[in-house]
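Notes follow once the structure below has been shown.
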Amino acid sequence: MTDAFKIGIAGLGTVGTGVIKILTQNADIIAARAGRPIEIMAVSARSKNKDRGVDLSNYDWVDDAGDMAARDDLDCVVELIGGSEGLAADLVRGALNGKKHVVTANKALVAHHGYELAEIAEGNGVSLNYEAAVAGGIPVIKAMREGLAANKFSAVYGILNGTCNYILTEMRETGRDFADVLKDAQEAGYAEADPTFDVEGVDAAHKLCILSSIAFGVKPDFEALTVSGISRINATDITFASEFGYRIKLLGVAQEVDGEILQVVEPCVVPIGSPLGAIEDVYNAVYVDGNFVETPLLTGKGAGEGPTASSVVADIIDLARGISLPTFGVPVSQLKDLSPLDAGACKGSYYLRLNVLDQPGVLAEVSAILRDHNISVEGMSQHGRDPDQPVPIVLTTHEAIHADMVKAAELIEALDFCVETPCLMVVRDI
Ligand SMILES: NC(=O)c1ccc[n+]([C@@H]2O[C@H](COP(=O)([O-])OP(=O)(O)OC[C@H]3O[C@@H](n4cnc5c(N)ncnc54)[C@H](OP(=O)(O)O)[C@@H]3O)[C@@H](O)[C@H]2O)c1
């Protein structure tokens, strides 16, 4: 067996301690697969004295994680601190410039600075691996960069945030509202104390940005994404969606049409029996449209200590083996600038929920607005009748142009009897 592959681990939280556990417990099998042992030389976190449930006594403690970049006893720095700026970004830049491989689980960093980091890695003859950054334990980066490399991709769809999928599943199963379920999820540790990145779709958007880059050979462009989350979905929407045969899912969708790319993260309705409609609870799924493989579905746990650390260690094993790939599947010089597709011009069927005062003429006025925007109604449902209370009405439409749907929803909202911003979701048949 050849020399050990020497690593430093910066960040000893959920993922960092998970990596140490796997490297310790599975040391023999990992050494056999990597062709040499993996040796942890140094570790770093904020607090040296915290009990992390793992034995750190054999590793050098580094007070300032940034110093790992300059250590000459490391082949690879494993960045598990998080955040797109500051220490994590400086450490990764420094390590790559210092000709060390980097493994990270940091989707925010890769989404915002991936192109720059890929250039630095390539210029220094080292790799930036980030399997754990997208869909945790599901090897989706490996699948797209390697297993499906023969294909031209036309679309990637994903349920990319386990917290949102858990909340939506729980809302449906218990009939409770968003805020209520979120509070429980936070108490149970499924959601962060500050859940904004998860529930407003930002976390899923970071992941979609990375997948889109690999799928279409473009520079990651986070600013080109349209992002909305699930905080406006209420129990009524969940009930109506079920009544129409749908589940509500926070979907990331990246599609290429004639060289232009749509990147959107938004709540959508999908048929109950469809591949993505069946993904429940904390599970993630990625559905890829490749021209020779059709649509393989990858699913599994998208977060948590074990699944995420498993992907980090797989990246380390590849590097120890000498397997090195361009960061986004092709050399940086071949990555194109992303040309965004105008979402307004896209066509689809829609779910539109209104909350309106129950008075004569409401449907006539709504229908007139829809007619004026070339929108034809496929189905309609109203729950309850109460002259003193607003009532929800849901309409589903035949295919319409997105910009027309948005305009119609705005005009309906401006009507006197409409008491709440309408909830508009596209139907995705996937
Ligand atoms: N958790 C998951 O399921 C999951 C899934 C996929 C990807 N990720 C990504 O993996 C990365 C790590 O996530 P995590 O859940 O393990 O986070 P975490 O539990 O919050 O751990 C973060 C670690 O970074 C350390 N740290 C924070 N600021 C630091 C500083 N200024 N100097 C040195 N160390 C610092 C912390 O030190 P202390 O422990 O001393 O405070 C802690 O050990 C993130 O990029 C995250 O997005 C996580």
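We count ligands from 1, going down the list as the structure has it; atoms in each ligand are counted the same way. Just so it is clear, the model here is predicted, and its values are computed rather than measured.
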Under a 3.5 Å threshold, I'd like every N/O contact between ligand 1 and protein atoms, with atom names and distance.
{"residue": "ligand 1", "atom": "3 (O)", "partner": "G304", "partner atom": "N", "Å": "2.7"}
{"residue": "ligand 1", "atom": "16 (O)", "partner": "T14", "partner atom": "N", "Å": "3.2"}
{"residue": "ligand 1", "atom": "16 (O)", "partner": "V15", "partner atom": "N", "Å": "2.9"}
{"residue": "ligand 1", "atom": "19 (O)", "partner": "T14", "partner atom": "N", "Å": "3.0"}
{"residue": "ligand 1", "atom": "19 (O)", "partner": "T14", "partner atom": "OG1", "Å": "3.3"}
{"residue": "ligand 1", "atom": "34 (N)", "partner": "R46", "partner atom": "N", "Å": "3.2"}
{"residue": "ligand 1", "atom": "37 (O)", "partner": "R46", "partner atom": "N", "Å": "3.2"}
{"residue": "ligand 1", "atom": "39 (O)", "partner": "K50", "partner atom": "NZ", "Å": "3.0"}
{"residue": "ligand 1", "atom": "39 (O)", "partner": "R52", "partner atom": "NH1", "Å": "2.7"}
{"residue": "ligand 1", "atom": "39 (O)", "partner": "R52", "partner atom": "NH2", "Å": "3.4"}
{"residue": "ligand 1", "atom": "40 (O)", "partner": "R46", "partner atom": "N", "Å": "3.1"}
{"residue": "ligand 1", "atom": "40 (O)", "partner": "S47", "partner atom": "N", "Å": "2.8"}
{"residue": "ligand 1", "atom": "40 (O)", "partner": "R52", "partner atom": "NH2", "Å": "2.9"}
{"residue": "ligand 1", "atom": "41 (O)", "partner": "R46", "partner atom": "NE", "Å": "3.2"}
{"residue": "ligand 1", "atom": "41 (O)", "partner": "R46", "partner atom": "NH2", "Å": "3.0"}
{"residue": "ligand 1", "atom": "41 (O)", "partner": "K50", "partner atom": "NZ", "Å": "3.3"}
{"residue": "ligand 1", "atom": "43 (O)", "partner": "L12", "partner atom": "N", "Å": "2.8"}
{"residue": "ligand 1", "atom": "43 (O)", "partner": "G13", "partner atom": "N", "Å": "3.0"}
{"residue": "ligand 1", "atom": "47 (O)", "partner": "K107", "partner atom": "NZ", "Å": "3.4"}

Donor-acceptor pairs under 3.5 angstrom involving side-chain atoms of residues 214-228: please list them, not counting sequence neighbours.
{"residue": "K219", "atom": "NZ", "partner": "D337", "partner atom": "OD1", "Å": "3.0"}
{"residue": "D221", "atom": "OD1", "partner": "E223", "partner atom": "N", "Å": "3.3"}
{"residue": "D221", "atom": "OD1", "partner": "A224", "partner atom": "N", "Å": "3.4"}

* Asked: Is it the case that more than 12 heavy atoms not belonging to Y59 sit under 6.0 Å from its OH atom?
  ->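 Yes, because the 6.0 Å sphere around OH of Y59 holds more than 12 heavy atoms from other groups.
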
* Looking only at heavy atoms, which two atoms of V19 and L80 are closest? And how far apart? ->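 Result for this residue pair: CG2-CD1, 3.9 Å.
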
* Could you name each residue pair satisfying ring-ring contact (aromatic ring centres under 6.0 Å, His included) that touches residues 6-32, not counting sequence neighbours? =>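 For residues 6-32, and leaving out neighbouring residues, there are no ring-ring contact (aromatic ring centres under 6.0 Å, His included) pairs at all.
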
* Would you list the pairs meeting ring-ring contact (aromatic ring centres under 6.0 Å, His included) in which at least one residue belongs to residues 264-303, sequence neighbours left out? =>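 Not a single pair qualifies under ring-ring contact (aromatic ring centres under 6.0 Å, His included).
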
* **Any donor-acceptor N or O pair under 3.5 Å, side chains D177, N234** =>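 No - no donor-acceptor pair under 3.5 Å links their side chains.
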
